[in-house]
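Structure, as structure tokens:
Note that the structure is a prediction, hence the values are computed from the model and not measured. Just follow the structure's listing: the first ligand is 1, and inside any ligand the first atom is 1. Sequential numbering from 1 along the given sequence is applied to the chain's residues.
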Amino acid sequence: MQFIDLSAQYQALKPKIDARIEAVLAHNQFIMGPEVAEFERAVCEFTGRRHCVSCANGTDALQLLYMAWGIGEGDAVFCPNVTFIASVEPAVMLGATPVLCDITPDTYNLCPVALERQIKSVLQEGRLAPKVVVAVDFLGNPADHKAIADICDRYGLLHLEDMAQSFGALLSGTPCGSFGAAASLSFFPSKPLGCYGDGGGIVTDDDNLAELLRSLRVHGKGPRGKYDNVRIGTNSRLDTLQAAIMLPKLCAVREYEMDARQQIAKRYNDAFSDRFVTPFVADDCVSSYAQYALLASDTVQRDALLSRLNAAEIPHMIYYPTPQHLLPVFANTPLYGETFPHAVSYCERTFSLPFHPYLSVQEQDAIIATVLAER
Ligand SMILES: *Cc1c(COP(=O)(O)O)cnc(C)c1O
């Protein structure tokens, strides 16, 4: 059994993916070939955004945005304390200071109350200028973008949606990727829309920002092309092959995979809700369930269960074992007196089960039986 079975997806889509790969091998435009623009248009259509600027990976997507916005030394970038480090790291790469905020106890997303508290602390101290809020749609569950947008408006901050995990998710019927000044995407293979290598992108409605990002991803190219360099940029493009591979996968997300994810999540929820804390998705939200996470009552109960899964050869993961403030790399990051009780409790108790749109009923049965078995 696979934790995320990419080969099952490939088998389902093989003729379409193979035909797309062969087309690229035939035309040989491996960098910025026609499939890149076609894929960007398809992502715009899916997310309802005016622009999609694809790039090399989801980490670069955040970094390119910070470069475009001129984020650096002396700037504060607010991030949820529970996320993949790539939500936090690019700001630090450019010299900014990450300010971590606790999560909510129900959705595990950035807590608007904790966010506002941290903004006030930063302003009161007066050393850093608040600039950006990174609102991660954690595990595919939309963040509270309405409350976060309101806070960003009041304090004049840029609202960045990190939707690396939420492709296909909805908030009040609106697709993730639609919130904030821009949203960053990752197409790492195991994400809800993944390629066969690294890939990423940015979606936005801001014409000027999109133009700047298109320049930054190709060495700061100017209006007369890639040897007319007008600023310092970088090399961060999505390979044509990866764009080609994702075109049929994007159709599958729309036509089949999101529904399959909802059905499997419902089956899991029904099976586990008496024994564990199951994912809470607000009434007006649809999660993409990039991961299906349960909470045990404590670390001891969790680790006993993980041993049982090991014995049954059922794969499992922990997203994530450590809140950002306890990572060695952030030992010197200012915490403004916060102790992050919800983040700490979540990381002590969370574990994730195999989950993907092609998980068979037999596999689901085996997982459910093992998780619920008495010791
Ligand atoms: C995966 C991920 C990223 C970064 O994506 P890469 O493509 O691996 O660089 C950023 N943020 C979150 C929340 C992620 O899960």
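Closest approach of A143 to A135, counting heavy atoms only: CB-CB, 4.3 Å.
Tested against I202, the residues L160, L185, L65 include a single side-chain contact (heavy atoms from CB on, under 4.5 Å) partner, L65.
A 6.0 Å sphere centred on CE of M93 holds no more than 12 heavy atoms belonging to other residues, nucleotides or ligands.
Members clustered with V113: none, using a 4.5 Å side-chain heavy-atom cutoff among hydrophobic residues. Under a 4.5 Å side-chain heavy-atom criterion applied to ILVMFWY residues, the cluster that includes F188 comprises that residue alone.
Sorted by first and then second residue, the pairs that involve residues 210-220 and meet side chain to side chain donor-acceptor pair (under 3.5 Å), not counting sequence neighbours, are E40-R217, S54-R217, S215-R231.
Closer than 4.0 angstrom to ligand 1 lie heavy atoms from N57, G58, T59, T83, F84, A86, S87, V136, D162, A164, Q165, S186, K191, G199.
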